[in-house]
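Below: one structure, written as structure tokens.
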Amino acid sequence: MKYFEARSSINASPERVWAVLTDGDRFPQWDSGIDRVEGKIEPGATIKLFVKVNPGRAFPLKVTEFAPARRMVFTGGMPLGLFRGVRTYTLQPNGSGTDFHMREEYTGPLLGMIWKSIPDLDPSFQQFARGLKARSES
């Protein structure tokens with residue numbers, strides 16, 4: 001298993017952070033690494049994520065877990081589990097704010113081969129966490 005992750009302490013309620021996190025249409029307004037999100041982020045939905053690190057390519061992701069103001073999971077990958085990515089967003093109340101954690105784990109028999117072609121996503125994960133914080137606190 002390989003992964004990327006980011007954390008942030010956000011001075012806003014989990015409900016406010018959740019509202020920003022589930023409004024895919026507005027992602028490009030606060031994360032310059034995202035071109036667009038097609039589809040509505042809701043339980044069981046499949047969305048398409050377009051990112052600047054891989055221009056023109058759509059990443060289809062299924063919303064496999066949706067616990068408002070607490071946890072959301074996006075799952076994508078290849079058929080038969082040959083390669084799989086699971087991105088988990090977790091919100092935890094911390095007094096007057098929210099601790100945000102995002103982690104994307106990659107698994108599958110083709111992981112070794114595919115991992116070599118995946119760019120370092122750490123900067124884009126950190127950018128996402130900073131953007132979510134700024135947008136949620138505004």
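These numbers come from a predicted model, not from an experiment. Quick note: numbers below take in every heavy atom, side chains included, and nothing from hydrogens, waters or symmetry partners. When a residue number appears, it is its place in the shown sequence, counting from 1.
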Reported [atom1]-to-[atom2] distance for the pair [X] and [Y], which is rounded to 0.5 angstrom:
| X | Y | atom1 | atom2 | result |
| --- | --- | --- | --- | --- |
| Met1 | Trp115 | CE | CH2 | 10.5 Å |
| Asp122 | Gln127 | CG | CD | 11.5 Å |
| Leu121 | Gln126 | CG | CD | 11.5 Å |
| Leu21 | Met72 | CG | CE | 4.0 Å |
| Ser136 | Phe100 | OG | CZ | 9.0 Å |
| Arg130 | Ile10 | CZ | CD1 | 12.5 Å |

Using the rule that two of Ile, Leu, Val, Met, Phe, Trp, Tyr join whenever any of their side-chain heavy atoms come within less than 4.5 Å, decide whether Leu80 and Met78 are in one cluster.
->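 The answer is yes; both residues are in one hydrophobic cluster.
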Verify the cluster assignment for Val73 and Phe66: are they in a single hydrophobic cluster under the rule of side-chain heavy atoms below 4.5 Å apart?
->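 Cluster IDs for Val73 and Phe66 differ.
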Side-chain heavy atoms of [X] within contact of [Y], under 4.5 Å:
| X | Y | answer |
| --- | --- | --- |
| Val17 | Pro14 | no |
| Leu132 | Met102 | no |
| Ile118 | Lys2 | no |

Using a cut-off of 6.0 Å, state whether more than 12 heavy atoms not belonging to Tyr3 lie near its atom OH.
->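 Not more than 12 within 6.0 Å, no.
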Sub-3.5 Å donor-acceptor pair from the side chain of Glu105 to the main-chain atoms of Phe4, do we have one?
->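 No; judged by distance alone, with no hydrogens or angles, the pair does not exist.
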Do you know the tightest heavy-atom contact between [X] and [Y]?
| X | Y | answer |
| --- | --- | --- |
| Phe27 | Ile41 | CZ-CD1, 4.1 Å |
| Lys133 | Asn11 | NZ-N, 4.4 Å |
| Arg16 | Ser138 | NH2-O, 3.7 Å |

With sequence neighbours excluded, what pairs up with Glu65 under the side-chain hydrogen bond (donor to acceptor under 3.5 Å, both in side chains) test?
->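 Once residues adjacent in sequence are excluded, the partners of Glu65 under the side-chain hydrogen bond (donor to acceptor under 3.5 Å, both in side chains) criterion are Arg71.
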Would you give me the side-chain donor-acceptor pairs under 3.5 Å for residues 43-54, sequence neighbours excluded?
{"unit_1": "Lys52", "atom_1": "NZ", "unit_2": "Asp35", "atom_2": "OD1", "d": "2.6"}

Residues 82-95 side chain polar contacts: donor-acceptor under 3.5 Å, at least two apart:
{"unit_1": "Arg87", "atom_1": "NE", "unit_2": "Glu104", "atom_2": "OE1", "d": "2.6"}
{"unit_1": "Arg87", "atom_1": "NH1", "unit_2": "Tyr89", "atom_2": "OH", "d": "3.4"}
{"unit_1": "Arg87", "atom_1": "NH2", "unit_2": "Glu104", "atom_2": "OE1", "d": "3.0"}
{"unit_1": "Asn94", "atom_1": "OD1", "unit_2": "Gly97", "atom_2": "N", "d": "3.0"}
{"unit_1": "Asn94", "atom_1": "OD1", "unit_2": "Thr98", "atom_2": "N", "d": "3.2"}
{"unit_1": "Asn94", "atom_1": "ND2", "unit_2": "Ser9", "atom_2": "OG", "d": "3.3"}
{"unit_1": "Asn94", "atom_1": "ND2", "unit_2": "Asp99", "atom_2": "OD1", "d": "2.8"}

